[in-house]
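Within every chain, numbering begins at 1; the chains are lettered A, B, ... in the order of the sequence lines, protein sequences first and strands thereafter.
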Amino acid sequence: MATDAQHLSEVLQTGNEATLDVGGVSLAVTSLDKPLWPHRTKRDLLLYLLAVSQSILPHLRSRPLTMVRLPSGLGGKKFVQRHWDHKPPEFVRTAEIYTQDRRRAETYLICDNLATLLWLGQNACLELHTWYSRVDAEGYGTNFSESLESVEASALEYPDFMVFDLDPGDTVRATGDKSLTRESFSRLVGVAKALRERLAVAGLNSLIKTSGKSGLHMIVPIERKYPFGWVRTIAEEFARSLVAENPNIVTVETSIAERGERVYIDYGQNARGKSLACVYSPRAVPGATVSFPIEWDRLDAVFPTDFDMSNVPKLLEQQVDKWKGLPSERQALPPIPS
DNA sequence: GCTGTCT
DNA sequence: AGACAGCAACGCCAA
DNA sequence: TTGGCG
Ligand SMILES: [Mn+2]
Ligand SMILES: [Mn+2]
């Protein structure tokens, strides 16, 4: 039975299955040789999650999860899962959260510890997406399950980030190849910088990461006191101001057909129940690329495929978490008009 | 990947 | 015992 | 109320 990370790593190296002792709890892992990505197996996923656990766990903590699962890898069925209907292991933290559609509470998973992280890997969660609000009370209500009113009055209605999901527009190319071009990404970077400047003028510091696919995610840490509706209103103002300035390059148009080559700023992500790929989460794409934080002055020098499951653990050896301390950073937004 | 059901 | 089927979002907004 | 959207 393995105990520390070094030993866990050694145990995961060989055999098609193993029983891990993760901080005192027993966790069975199976099908370690099953390919989940081209040239990458479930063993590679578990070793990756173990290697980045110190980096990713602080960002997963207390946040309801949305999982992208591919039990048979990229060649098999893919599904998004937000609820867990059966009883998860004891060590997995959960929250019962009311959902509008089903008119009842569902069980959401929260990844608060290494055992849960590895268990998610065993369950072929190739992507881990998190909410922007947390279940921690800190003065707010924690009745998430009773009714729509109760969850709207709860801590989950108060995000600690404002987010901007920046997606590249269609790239017009004769070949029909839909992969991201340097030109398209460079246009995206330009929009991100312009948005950063807008935010800075308003006194707001922002951080940026690759989504792990083609886009960028901008994060503005905020005081945990504005309901999603207000955060969305502010995000929309910033997004529309960029569109007004550069209507040929930026759009907030929801219709895909209308967007064309323009960069899409999705401010609508600022809503309860929505999620973005967590920083350091792998993505279910052939290259096994990873969502990775970028320093603003490095943005021109990088490309999303620079960060994948193979090299990210190495990059993190220099600095365990590029966004260390982010969970406690807070900025004020304009007040809500009364 | 897991669970419950059918043969 | 083994095969197999079923299963696994949700909130916003414009129309 | 529905359908598109991410
Ligand atoms: Mn995106
Ligand atoms: Mn998007």
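Of the side-chain N and O atoms in Lys87(A), none sit less than 4.0 angstrom from OP1 or OP2 of dT3(B). Listed pair Arg272(A) / dA9(C) fails the phosphate criterion, with no side-chain N or O lying under 4.0 Å from OP1 or OP2.
By the salt bridge (Lys or Arg N to Asp or Glu O under 4.0 Å) test, Glu152(A) is found to be paired with Arg272(A), residues two or more places apart in sequence or in another chain being considered. Applying the salt bridge (Lys or Arg N to Asp or Glu O under 4.0 Å) test to Asp300(A) and every residue at least two apart in sequence or in another chain returns Lys193(A).
In summary, of the residues considered (Ile256(A), Val191(A), Thr254(A), Leu188(A)), a side chain to side chain contact (heavy atoms under 4.5 Å, CB included) with Tyr264(A) occurs for Thr254(A) alone.
Here CH2 of Trp84(A) is found 4.0 Å from CG of Asn123(A). Values are rounded to the nearest 0.5 Å.
Here, dG4(B) and dA8(C) have their C1' atoms 15 Å apart, quoted to the whole Å. When the C1' atom is used for both dA9(C) and dG4(D), the distance is 15 Å, rounded to whole Å.
Atom-to-atom, CG of Asp165(A) to P of dG11(C) comes out at 18 Å; the value is rounded to the nearest Å. With rounding to whole Å, Tyr132(A) atom OH is found 13 Å from dC12(C) atom P. Distance, Lys78(A) NZ to dC7(C) C1': 18 Å, rounded to whole Å. The interatomic distance linking Glu253(A) (CD) with dC5(D) (C1') rounds to 11 Å, in whole Å. For the pair Ile97(A) CD1 and dG11(C) C1', the interatomic distance rounds to 14 Å; values are reported in whole Å. Between the CG atom of Leu109(A) and the C1' atom of dA9(C) there is a distance of 14 Å, given to the nearest Å. Regarding Ile256(A), its CD1 atom lies at a distance of 4 Å from the P atom of dG6(D), rounded to whole Å. One interatomic measurement links the two molecules: CD of Glu127(A) to C1' of dA9(C), which rounds to 14 Å at whole-angstrom precision.
The distance between the ring centers of Tyr267(A) and Phe238(A) does not fall below 6.0 angstrom.
Comparing dG6(D), dA8(C), dG11(C) against the side chain of Gln100(A) picks out dG11(C) as the nearest. Out of dG11(C), dA8(C), dC2(B), the shortest distance to the side chain of Asn123(A) is found at dC2(B). Taking the side chain of Gln122(A) as heavy atoms from C-beta on, and the options dC2(B), dG11(C), dG6(D), the nearest nucleotide is dC2(B). Here the nucleotide nearest the side chain of Tyr264(A), chosen from dC12(C), dG1(B), dG6(D), is dG6(D).
Under 3.5 Å, the side chains of Ser291(A) and Lys209(A) contain a donor-acceptor pair of N or O atoms. For the 3.5 Å distance criterion, the side chains of Tyr132(A) and Gln269(A) qualify, holding a donor opposite an acceptor. Counting only N and O atoms by type, the side chains of Ser310(A) and Arg40(A) include a donor and acceptor under 3.5 Å apart.
Nucleic acid contact class of Lys77(A) (heavy atoms, under 4.0 Å, all strands): base. Heavy atoms of Lys213(A) sit nowhere under 4.0 angstrom from any nucleic acid atom.
Nearer to the 5' terminus of DNA chain C, by closest-nucleotide assignment, is the contact made by Phe79(A) (compared with the other of Phe79(A) and Gly273(A)). Nearer to the 5' terminus of DNA chain C, by closest-nucleotide assignment, is the contact made by His86(A) (compared with the other of His86(A) and Arg82(A)).
Listed by residue number, Arg232(A) are the residues of residues 221-241 of chain A with a heavy-atom contact under 4.0 Å to DNA chain C.
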